[in-house]
There are 2 protein chains.
Amino acid sequence: MQFRIEMHVPEVVIPWRMPRKRLTREESREQTRLRLLDAAAVVIAKKGLAATSVEDMAGHAGYTRGAFYSNFKSKTDLFIELLKRDHVDIQESLQQLLDTDLSGEDLQRQLALFYSQCYGDNTSYVLWAEARLHAVRDAKFRQRLNALCLEKRDVIAYFITQFCKRMDMPLPASAADLALAMMGLIDGVKYFNLSMPAELPDSAAESILSTIFSATFFGSRA
Amino acid sequence: MQFRIEMHVPEVVIPWRMPRKRLTREESREQTRLRLLDAAAVVIAKKGLAATSVEDMAGHAGYTRGAFYSNFKSKTDLFIELLKRDHVDIQESLQQLLDTDLSGEDLQRQLALFYSQCYGDNTSYVLWAEARLHAVRDAKFRQRLNALCLEKRDVIAYFITQFCKRMDMPLPASAADLALAMMGLIDGVKYFNLSMPAELPDSAAESILSTIFSATFFGSRA
DNA sequence: GAATTCTAATACAGTTGTGTATCTGAATGC
DNA sequence: GCATTCAGATACACAACTGTATTAGAATTC
């Protein structure tokens with residue numbers, strides 16, 4: 001009991017979406033699923049995957065365990081679903097960002113955006129941190145997570161390639177490896193930014209990332 | 001009546017610490033403590049902090065829960081002890097490395113060493129990843145962990161400062177922030193190196209770190 | 001060598017969680 | 001409007017952990 005942190009997760013009051021429309025079974029079921037996922041994301045981020053019981057998640061979504069088990073095979077099952085959902089979101093906003101801004105040479109701004117966009121909120125960061133840790137231990141899970149990470153890497157690698165081409169600069173290393181390193185860097189910095197905002201406030205985080213990013217791709221010119 | 005030495009130490013007699021000497025109470029107790037810590041590190045790395053029961057840890061060390069509770073207040077207590085121990089090790093080897101190699105300008109090799117030294121083994125990496133995650137959720141724990149991280153940062157920052165001075169280069173950013181970023185980068189890269197060794201083998205990890213490190217401090221010259 | 005002190009084992013009471021099996025009421029279909 | 005179906009609630013059987021209280025026996029003291 002020493003170990004369970006009483007975080008007091010407030011009951012999520014879900015704004016009922018106008019029962020004007022009477023939901024079909026399918027719609028209703030889908031709604032339940034979504035609510036369970038949303039609530040689970042919040043609770044897991046707050047207490048951690050292992051410390052979160054099925055009842056916790058269901059409860060915060062306004063349901064009981066019955067509803068949970070009728071929608072998901074297990075806690076892990078839901079967790080993977082959650083990551084997939086988040087991954088799609090990240091991919092989309094990343095893609096969108098990279099598509100939009102590829103032309104500009106304003107690297108600083110680009111990076112800053114990139115950084116803040118990369119994880120919409122802290123919940124998302126924590127979720128992925130949890131996932132990485134889980135992946136270290138579970139080979140099957142690791143494979144699935146790696147697949148997602150590599151997708152993300154490829155988007156970034158493609159961007160890096162295009163960017164360097166456009167700027168008429170040589171790639172300082174393999175685009176794939178650079179992408180991984182940048183992902184790692186961003187995650188790493190994000191953690192410090194999150195855990196010691198006094199030591200590394202948003203501005204400093206963006207600035208240092210910007211410095212390293214510039215140096216890596218522009219050499220000493222920026 | 002025959003007397004059996006160390007009758008209470010069950011089947012697992014851990015061979016590596018002077019098995020012959022008759023221990024005083026204090027020594028014996030310290031030995032138990034160390035065994036519990038060592039075993040805990042392994043088990044926690046394998047199954048995760050939350051999923052590891054007190055009995056697990058004690059059992060792997062060859063004791064029962066009684067021994068555990070007579071040596072540690074709680075699982076968290078032990079965990080912090082574990083981190084401190086590891087932190088001291090890291091600090092020492094870091095200090096040593098930096099002291100030794102400060103003169104050379106062979107940055108590549110330096111970095112490679114730095115990287116491989118930074119976490120002696122994977123157990124250590126996992127432990128810190130676990131700690132970071134836990135810190136996000138628990139303010140008190142976060143403070144304690146931050147203190148350790150900042151100590152580490154300062155050692156690295158000092159090195160960076162000295163290094164730039166010696167190389168007669170300007171600091172590309174605040175040494176403290178650079179140090180944090182490098183720590184983040186190394187952790188981030190380490191994860192990919194660990195979870196997808198086929199995509200990012202040791203050599204690639206070292207190489208990409210080296211590239212970024214060089215670029216950051218030397219600009220385009222390296 | 002008896003009394004004590006201390007480490008660690010053991011027993012126990014209480015809590016929390018899991019997954020399944022069964023039940024209920026609302027949505028659908030005939 | 002009656003029967004069916006299915007989402008989700010409830011009940012249950014059981015497994016795991018925690019932390020404390022008690023106990024055994026080795027180490028130390030006198």
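To find a chain, count down the sequence lines: A is the first, B the second, and so on, and within it residues start at 1.
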Each nucleotide N or O in nucleotides 18-22 of chain C that has a protein N or O under 3.5 Å away: list the pair and distance.
residue, atom, partner, partner atom, Å
C/dT18, OP2, A/Val54, N, 3.4
C/dG19, OP2, A/Tyr69, OH, 2.1
C/dG19, N7, A/Arg65, NH1, 2.8
C/dG19, O6, A/Arg65, NH1, 2.9
C/dG19, O6, A/Arg65, NH2, 2.9

Just checking, B/Lys152 and B/Tyr158: is the charged tip under 6.0 Å from the six-membered ring centre and within 45° of the axis? no
B/Glu30 CD - D/dA27 C1' separation (whole Å): 18 Å
Could you walk me through whether B/Tyr63 and B/Asn71 pass the side chain to side chain contact (heavy atoms under 4.5 Å, CB included) test, one step at a time? CA-CA 11 Å; B/Tyr63 296 93; B/Asn71 277 286; over 6 Å; no
Exercise: identify the closest heavy-atom pair between A/Ala135 and B/Tyr191: CB-OH, 3.8 Å
D/dG8 OP1/OP2 closer than 4.0 Å to side-chain N/O of A/Asn71: yes
Given atom CE of B/Met57 and atom C1' of C/dA8, what is their separation to the nearest angstrom? 16 Å
Whole angstrom value for the distance that separates C1' of D/dA26 from CD of B/Glu27: 15 Å
Separation of A/Arg35 atom CZ from D/dA7 atom P, in whole Å? 16 Å
What pairs of nitrogen or oxygen atoms, one from the protein and one from nucleotides 4-6 of chain C, lie under 3.5 Å apart?
residue, atom, partner, partner atom, Å
C/dT5, O2, B/Arg25, NH1, 3.4
C/dT5, O2, B/Arg25, NH2, 2.8
C/dC6, O4', B/Arg25, NH1, 3.0

Write down the distance between CG (B/Leu78) and P (D/dG19), rounded to a whole number of angstrom. 13 Å
Smallest separation among heavy atoms of A/Glu206 and A/Tyr115, with atom names: CG-CD2, 3.9 Å
Just distance, no hydrogens or angles: give the donor-acceptor pairs under 3.5 Å from side chains in residues 178-185 of chain B, sequence neighbours left out.
none

B/Ser28 side-chain N/O to C/dT7 phosphate OP1/OP2 under 4.0 Å: no
Which atom pair, heavy atoms only, marks the closest approach of A/Asp187 to A/Arg132? OD2-NH1, 2.8 Å
Find the distance B/Tyr63:OH to D/dA24:P and express it as a whole number of Å. 22 Å
When the distance from CZ of B/Phe68 to P of C/dT7 is rounded to whole Å, what number comes out? 16 Å
For the student: nearest non-hydrogen atoms of B/Arg65 and B/Val54, plus distance: CG-CG1, 3.6 Å
What's the shortest heavy-atom distance between B/Leu36 and B/Leu78, and which atoms? O-CD1, 4.3 Å
Any salt bridge linking A/Glu130 with B/Arg137? Criterion: basic side-chain nitrogen under 4.0 Å from a carboxylate oxygen. yes
Could you pick out which residue, B/Asp56 or A/Thr64, lies toward the 5' side of DNA chain D when each is mapped onto its nearest nucleotide? A/Thr64
To the nearest Å, how far apart are A/Lys47 NZ and C/dG17 P? 7 Å
